[in-house]
Amino acid sequence: MKAIKINILNKDAIEEALLKVNGRANSHTYCCYSQIEEIVKEANDELFVLIGNKSLMKGASITSLSGGCVYNSYSYSRKLTYVKLECCKYGDWRLVDASTDAHYGDGGTSKLHLTANQDIRAIEQFRKAYTH
């Protein structure tokens, strides 16, 4: 998949890419630009809190699985969308991967992935918050 910059000008391209991977499924999938934009906003905020410097955000990524909680008695698989977004700089994210997954159980998870330098910075930031 060719990387697509996350901004309103690329709304159609992002939605087309999601439609291509989802097919007709739309109940538990990411299918519109606003859902991807929300992931980016949350990732920006979380990343800034962790490393405290906008200029160090490049290289981080986030993976997200669509869907949400379902009842334990729900015994069918659901088609969920998996997306991977990469940060080029603060506020500049790219959709680099989108695929679907037949999934049992709960979805709606996101994981932030840091570079080694960002990890060191996050630990430094955390240690500033307490004394020993």
Side-chain angles (χ1 to χ4, degrees):
M1 167 179 211
K2 183 181 174 195
I4 305 170
K5 185 175 180 173
I6 307 299
N7 68 29
I8 195 68
L9 299 174
N10 293 331
K11 178 181 185 275
D12 292 339
I14 292 166
E15 290 180 352
E16 183 180 321
L18 294 172
L19 179 63
K20 186 176 180 180
V21 297
N22 292 331
R24 295 183 310 160
N26 61 14
S27 297
H28 304 280
T29 60
Y30 293 133
C31 55
C32 62
Y33 169 77
S34 62
Q35 294 168 308
I36 304 302
E37 184 180 43
E38 187 62 32
I39 296 168
V40 167
K41 286 179 183 175
E42 290 175 11
N44 261 336
D45 293 344
E46 186 176 347
L47 193 54
F48 183 73
V49 167
L50 282 173
I51 62 176
N53 189 331
K54 293 178 183 179
S55 66
L56 300 176
M57 293 173 129
K58 182 179 180 180
S61 64
I62 188 164
T63 54
S64 185
L65 186 64
S66 65
C69 297
V70 294
Y71 294 108
N72 289 336
S73 61
Y74 191 83
S75 60
Y76 303 101
S77 68
R78 303 175 293 154
K79 191 174 193 179
L80 303 181
T81 310
Y82 165 87
V83 294
K84 181 176 181 181
L85 308 165
E86 289 184 354
C87 184
C88 295
K89 62 181 181 180
Y90 180 78
D92 184 11
W93 290 77
R94 308 266 198 255
L95 175 64
V96 295
D97 188 28
S99 59
T100 56
D101 184 27
H103 194 76
Y104 290 91
D106 294 338
T109 59
S110 292
K111 292 183 182 179
L112 189 62
H113 307 273
L114 304 177
T115 65
N117 288 338
Q118 290 167 339
D119 181 53
I120 291 168
R121 175 69 181 203
I123 292 168
E124 289 172 359
Q125 290 293 104
F126 176 71
R127 287 186 176 154
K128 288 179 185 177
Y130 66 88
T131 58
H132 49 83

Out of curiosity, does [Y] fall in the hydrophobic cluster containing [X] (side-chain heavy atoms, cut-off under 4.5 Å, transitive links)?
| X | Y | result |
| --- | --- | --- |
| Phe48 | Val40 | yes |
| Leu9 | Val96 | no |
| Ile120 | Val49 | no |

Measuring only between side-chain heavy atoms, which start at C-beta, is [X] closer than 4.5 Å to [Y]?
| X | Y | result |
| --- | --- | --- |
| Asn117 | Leu56 | no |
| Lys128 | Gln125 | yes |
| Trp93 | Ile39 | no |
| Ile6 | Ile14 | yes |
| Leu50 | Leu112 | yes |
| Asp12 | Tyr33 | no |

Using every non-hydrogen atom in the two residues, find where [X] and [Y] come nearest and quote the distance to one decimal.
| X | Y | answer |
| --- | --- | --- |
| Lys58 | Cys88 | CG-O, 3.1 Å |
| Ile62 | Ala43 | CD1-CB, 3.8 Å |
| Val83 | Ala98 | CG1-CB, 4.2 Å |
| Ala13 | Ile4 | O-CD1, 3.8 Å |
| Lys79 | Asn22 | NZ-O, 3.0 Å |
| Cys32 | Leu18 | N-CD1, 4.0 Å |

Supply the atom-to-atom distance [X] [atom1] to [Y] [atom2], rounded to the nearest 0.5 angstrom.
| X | Y | atom1 | atom2 | value |
| --- | --- | --- | --- | --- |
| Lys84 | Leu95 | NZ | CG | 11.5 Å |
| Gln118 | Met57 | CD | CE | 8.5 Å |
| Thr115 | Ile51 | OG1 | CD1 | 7.5 Å |
| Glu37 | Asn7 | CD | CG | 9.5 Å |
| Glu15 | Gln35 | CD | CD | 9.0 Å |
| Leu114 | Ile123 | CG | CD1 | 9.5 Å |

Working for side chain to side chain contact (heavy atoms under 4.5 Å, CB included), residues Asp97 and Tyr82: CA-CA 8 Å; Asp97 188 28; Tyr82 165 87; 3.6 Å; yes
Candidate pair Thr100 and Thr29, rule side chain to side chain contact (heavy atoms under 4.5 Å, CB included), full reasoning: CA-CA 8 Å; Thr100 56; Thr29 60; 5.5 Å; no
